[in-house]
Amino acid sequence: MTMTRFDPARLFGLPMPIVQAPMAGVSTPALAAAMSNAGGLGSLGIGASTADQARAMIQETRALTDRPFNVNVFCHASAPRDVAREAAWLAHFAPLFAEFGAEAPTTLQEIYKSFLHDEEAHQVLLEECPAIVSFHFGLPTPAHLDAFRQAGMTTMATATNLAEAAAIEAAEIDVVVAQCPSDKGTRG
Ligand SMILES: Cc1cc2nc3c(=O)[nH]c(=O)nc-3n(C[C@H](O)[C@H](O)[C@H](O)COP(=O)(O)O)c2cc1C
């Protein structure tokens with residue numbers, strides 16, 4: 001049996017076969033641009049950013065490099081709200097906040113808005129059109145995927161198990177990023 005060795009340099013036309021991991025809240029335009037300028041593939045993680053922040057990050061990266069880079073979004077299922085359950089958690093933690101003299105929150109907020117429900121972020125990606133767009137914690141809708149393809153973007157998605165890899169293949173996404181599940185010691 002012949003094994004084909006995956007070569008991201010060949011796939012993306014890069015001088016160097018290195019992809020910098022997207023890290024929401026951590027990977028900066030300067031880091032992504034430095035990576036792409038060095039011949040690898042720089043990545044921005046916009047999973048923790050608003051649409052406006054994402055646009056600014058993409059434009060800042062583009063000002064620092066004319067090489068391709070990757071923009072990564074979170075496609076998780078949003079948490080269903082359960083007011084009674086949230087109130088119970090808030091009551092549970094109230095004494096701990098009090099112990100440290102801190103003001104306890106009165107409501108719980110979802111910190112990361114899913115790309116699945118973020119039409120503004122979708123528009124930003126279509127308008128800014130990075131060479132590569134990648135998906136984490138799930139897949140975008142088929143309509144979003146079609147729009148990215150038609151705009152000429154290469155697509156990548158993270159799989160943490162065989163079922164996710166099969167779903168990525170079925171969605172005809174260009175690249176599968178095989179990654180350890182979070183309980184194996186890496187985030188994501
Ligand atoms: C602080 C931090 C933030 C991360 N954020 C993202 C993210 O936004 N999107 C993503 O696909 N992966 C994210 N990851 C996972 C990384 O992209 C990478 O796949 C993971 O760290 C495993 O690679 P490593 O073994 O080289 O660390 C994050 C990892 C870290 C440590």
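Counting starts at 1 for both ligands and their atoms, in listed order. The structure presented is a predicted model; accordingly, all values stated were derived computationally and were not measured.
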Could a heavy atom of F137 be found less than 4.0 Å from some atom of ligand 1?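 Checking ligand 1 against F137, which is what was asked, there is no heavy-atom contact under 4.0 Å.
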Would you check whether A24 has a nitrogen or oxygen atom less than 3.5 angstrom from a nitrogen or oxygen atom of ligand 1?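 Looking only at distances, the answer is yes, because the N/O contact criterion of under 3.5 Å is met.
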Under 3.5 Å between any N/O of P22 and any N/O of ligand 1: does that happen in this structure? yes
Out of Q179, M23, Q20, whose heavy atom sits nearest atom 31 (C) of ligand 1? M23
Does the side-chain contact (heavy atoms from CB on, under 4.5 Å) test come out yes or no for I18 and M35, once each step is laid out? CA-CA 9 Å; I18 298 174; M35 187 65 198; 3.0 Å; yes
Give a yes or no on whether a salt bridge exists between E128 and R62, defined as a side-chain N under 4.0 angstrom from a carboxylate O.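 Here E128 pairs with R62 in a salt bridge, since their nearest N and O are under 4.0 Å apart.
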Closer than 4.0 angstrom, basic N to acidic O: yes or no for R55 and E127? yes
Applying the ring-ring contact (aromatic ring centres under 6.0 Å, His included) test to F74, which of Y112, F135, F115 qualifies?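 So the option named by the test is Y112.
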Would you mind telling me if ligand 1 is within reach of the side chain of H136, the backbone, both or neither, using heavy atoms under 4.0 Å? side chain
With a cut-off of 6.0 Å (strictly less than), are more than 12 heavy atoms of other residues, nucleotides or ligands near CD of E119?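 Yes, because the 6.0 Å sphere around CD of E119 holds more than 12 heavy atoms from other groups.
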